[in-house]
Amino acid sequence: MAKVYYAKDADLKHLEGKTVAVVGYGSQGHAQVQNLRDSGVDVVIGLRKGNSWDRAEKDGFTVQPVAEAVKQADVVQLLMPDEVQANVYQNEVAPHLKAGAALFFSHGFNIHFEQIVPPKDVDVVLIAPKGPGHLVRRVFAEGFGVPALIAVQQDATGKAKDLGLAYAEGIGATRAGVIETSFQEETETDLFGEQSVLCGGVSELVKNGFETLTEAGYQPEIAYFECLHELKLIVDLMYEGGLAGMRYSVSDTAEYGDYMSGHRVVGPASREAMKAVLKEIQDGSFARKWIEENKNGRREFNRIAEAEKNHPIEEVGSKLRKTMAWIDESEKETIKQ
Ligand SMILES: NC(=O)C1=CN([C@@H]2O[C@H](COP(=O)(O)OP(=O)(O)OC[C@H]3O[C@@H](n4cnc5c(N)ncnc54)[C@H](OP(=O)(O)O)[C@@H]3O)[C@@H](O)[C@H]2O)C=CC1
Ligand SMILES: CC(=O)[C@](C)(O)C(=O)O
């Protein structure tokens, strides 16, 4: 049974008198920094000049160049994209890290695949929210929390877990639960989940459903509502009550169709593909491919991203979402620019 920590197991006093430098103000960075500030933690932000710097200043934070922020920090949380962390760490973090400081991450990629090898005299801790940054902030502001994972790779001070749990408390994760893991388990399961289910798997399922309906002559608007928009409503039911909760709420016709057709659409071939994806993650070949892709200017990444942006489902979806006043896409554009 997993070890899960909650607010009763954490104490913000372990961060009292300490300065937390967060490097990055993107999806996770902006959320974790704002939550930490609301929790009374002394936070500084390390960035390069640009959109994030401007946005963080507009949100009322003191922003400094990375090296300056690191010099004063007792805890340094690296929230840059995984593919740039090693370079920034080597050139702007490592030379200025205080002895006895702690190095934090929200994904284990660079530690697990040895792109970053910290000095032995620092604590190395993972606090990985299991949810997108925008929701880490939104849910915290509503008084709740997004669950997270905690792992300690190095415990130089003997207090690494206390510090990690205090940080988890500061971003609201202890409100929902913080599961103890290792850098290896978080890295491999996170990469597998985002590739096979959450991002890759679901995107392909949605696109294939949409294309099957539109190629059969059905209206694209209907196909969008059926295969993408309604997915949130169904997943919300799973979120609240598991598969059984969703099946309780949908019609018996839908539940029967679920049992009869689901395994035909996602069956043994998909399971074999999932096993192959996991193997490529475990043996490091995915990580090597991603690191190489970034060294080569992301040509394949950019080509596919451009083609995906032009998929018919994006065109019809953009038009329909503009009629939904409750959806505000502007925030995401700002963060990702
Ligand atoms: N997105 C998510 O919800 C989740 C992400 N994670 C992990 O969190 C970490 C951060 O990811 P995410 O928040 O998505 O990243 P984003 O791409 O959203 O944001 C990256 C941030 O890093 C800054 N940055 C980029 N390059 C540099 C640089 N050379 N020097 C200084 N700052 C730089 C960017 O600023 P600029 O404007 O200058 O480019 C931006 O503020 C990753 O390890 C990721 O795996 C974990 C769980 C979920
Ligand atoms: C939101 C999350 O945890 C992901 C999908 O793994 C990620 O954005 O890295």
Side-chain angles (χ1 to χ4, degrees), residues 21-35 44-59 61 63-70 76-94 96 103-113 115-116 124-140 146-151 167-168 171 173 176 178-179 181 183 185-203 281 286-287 290-291 294 298 301 305 331-337:
V22 175
V23 183
Y25 197 74
S27 178
Q28 282 297 328
H30 91 283
Q32 294 189 25
V33 163
Q34 290 182 29
N35 294 1
V44 294
I45 301 172
L47 284 171
R48 61 187 175 181
K49 286 288 187 184
N51 287 331
S52 291
W53 184 298
D54 298 342
R55 190 163 180 274
E57 281 194 330
K58 187 164 132 311
D59 291 342
F61 290 101
V63 189
Q64 297 172 351
V66 174
E68 293 311 309
V70 170
V76 178
Q77 165 66 301
L78 298 187
L79 293 180
M80 297 154 285
D82 298 305
E83 63 275 16
V84 305
Q85 287 186 16
N87 184 44
V88 175
Y89 173 80
Q90 211 56 48
N91 298 312
E92 302 175 61
V93 177
H96 309 291
L103 203 51
F104 275 47
F105 298 84
S106 282
H107 182 35
F109 186 95
N110 281 287
I111 292 291
H112 178 59
F113 293 115
Q115 299 302 301
I116 292 177
V124 180
V125 181
L126 176 77
I127 296 295
K130 295 319 290 176
H134 308 89
L135 292 183
V136 169
R137 178 58 189 163
R138 193 186 305 169
V139 168
F140 179 92
V146 166
L149 305 184
I150 183 171
Y167 189 96
I171 65 169
V178 181
I179 304 177
T181 182
F183 272 72
E185 184 177 50
E186 184 278 336
T187 302
E188 292 176 354
T189 54
D190 187 66
L191 292 175
F192 173 80
E194 62 199 18
Q195 293 177 31
S196 304
V197 180
L198 303 173
C199 306
V202 165
S203 300
I281 290 165
F286 168 79
W290 177 224
I291 291 163
N294 283 283
R298 285 191 166 192
F301 180 100
E331 180 201 355
K332 294 179 186 54
E333 284 318 306
T334 309
I335 285 177
K336 275 296 183 190
Q337 273 161 6

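Numbers here simply count residues along the sequence, with the first being 1. When a ligand or atom number is given, it counts from 1 through the structure's own listing order.
- Taking a 4.0 Å cut-off on heavy atoms, G50 fails to register as neighbouring ligand 1.
- Set against the non-hydrogen atoms of M80, the atoms of ligand 1 under 4.0 Å away are 9 (C), 10 (C), 22 (O), 32 (N), 33 (C), 42 (C), 43 (O).
- For a threshold of 3.5 Å applied to N or O pairs, the pair formed by E92 and ligand 1 contains no separation below that value.
- Put simply, atom 9 (O) of ligand 2 has protein non-hydrogen atoms near it, under 4.0 Å away.
- When every heavy atom of A128 is checked against every heavy atom of S106, the shortest pair comes out as CB-O, 3.1 Å.
- Note that atom 2 (C) of ligand 2 has no protein non-hydrogen atoms nearby, at separations under 4.0 angstrom.
- For D190, the heavy-atom gap to ligand 2 drops under 4.0 angstrom.
- Residue Q85 touches ligand 1 through its side chain alone, judged by heavy-atom distances below 4.0 Å.
- The distance from the OG1 atom of T187 to the CZ atom of F109 is 8.5 Å, given to the nearest 0.5 Å.
- Remark: R298 qualifies as a cation-pi partner of F301 under the 6.0 Å distance and 45° angle criteria applied to the six-membered ring.
- Using a 4.0 Å cut-off between heavy atoms, P129 contacts ligand 1 through its backbone alone, with no side-chain atom that close.
- Proximity of a side-chain donor or acceptor of H96 to a complementary backbone N or O of V93 within less than 3.5 Å is not detected.
- Taking the six-membered ring for Trp and the full ring otherwise, the centers of W53 and Y25 sit at least 6.0 Å from each other.
- Every atom of ligand 1 is numbered from 1 in the order shown, and the set under 4.0 Å from a heavy atom of G26 is 18 (O), 19 (O), 21 (C), 40 (C), 41 (O).
- With hydrogens and angles disregarded, a donor-acceptor distance shorter than 3.5 Å links the side chain of T189 to the backbone of E186.
- Atoms CG and CH2, from D82 and W290 in turn, are 8.5 Å apart once rounded to the nearest 0.5 Å.
- Salt bridge status for D54 with K49: absent, with no side-chain N to carboxylate O gap under 4.0 Å.
- Annotation: the span from I45 atom CD1 to Q32 atom CD amounts to 11.5 Å, rounded to 0.5 Å.
- When the heavy atoms of S52, P65, A56, A128 are ranked by distance to atom 37 (O) of ligand 1, first place goes to S52.
- Listed by number with element, the atoms of ligand 1 under 4.0 angstrom from any heavy atom of H107 are 43 (O), 45 (O).
- Heavy-atom separations between G133 and ligand 1 include at least one value shorter than 4.0 Å.
- Looking at T181, its side chain never comes within 3.5 Å of a backbone N or O of I150 through a donor-acceptor pair.
- Neither side chain, Y89 nor Q115, offers a donor N or O lying under 3.5 Å from an acceptor on the other.
- Listed by number with element, the atoms of ligand 1 under 4.0 angstrom from any heavy atom of G24 are 21 (C), 22 (O), 41 (O).
- Less than 4.0 angstrom separates some heavy atom of Y25 from each of these atoms of ligand 1: 21 (C), 40 (C), 41 (O).
- A salt bridge is defined here as a Lys NZ or Arg NE, NH1 or NH2 lying under 4.0 Å from an Asp or Glu carboxylate O, and R48 with E92 fails to meet this definition.
- When each atom of ligand 2 is checked for a heavy atom of P132 under 4.0 Å away, the hits are 1 (C).
- In this structure, of R48, E194, H30, H134, the residue bringing a heavy atom nearest to atom 30 (N) of ligand 1 is R48.
- Here the shortest heavy-atom distance to atom 7 (C) of ligand 2, taken over Q195, E194, E186, K130, belongs to E194.
- Of all atoms in ligand 1, listed by their number and element, those nearer than 4.0 Å to a heavy atom of D82 are 42 (C), 43 (O), 44 (C), 45 (O).
- Residue contacts with ligand 1 include G131, since one or more of its heavy atoms lies under 4.0 Å from the ligand.
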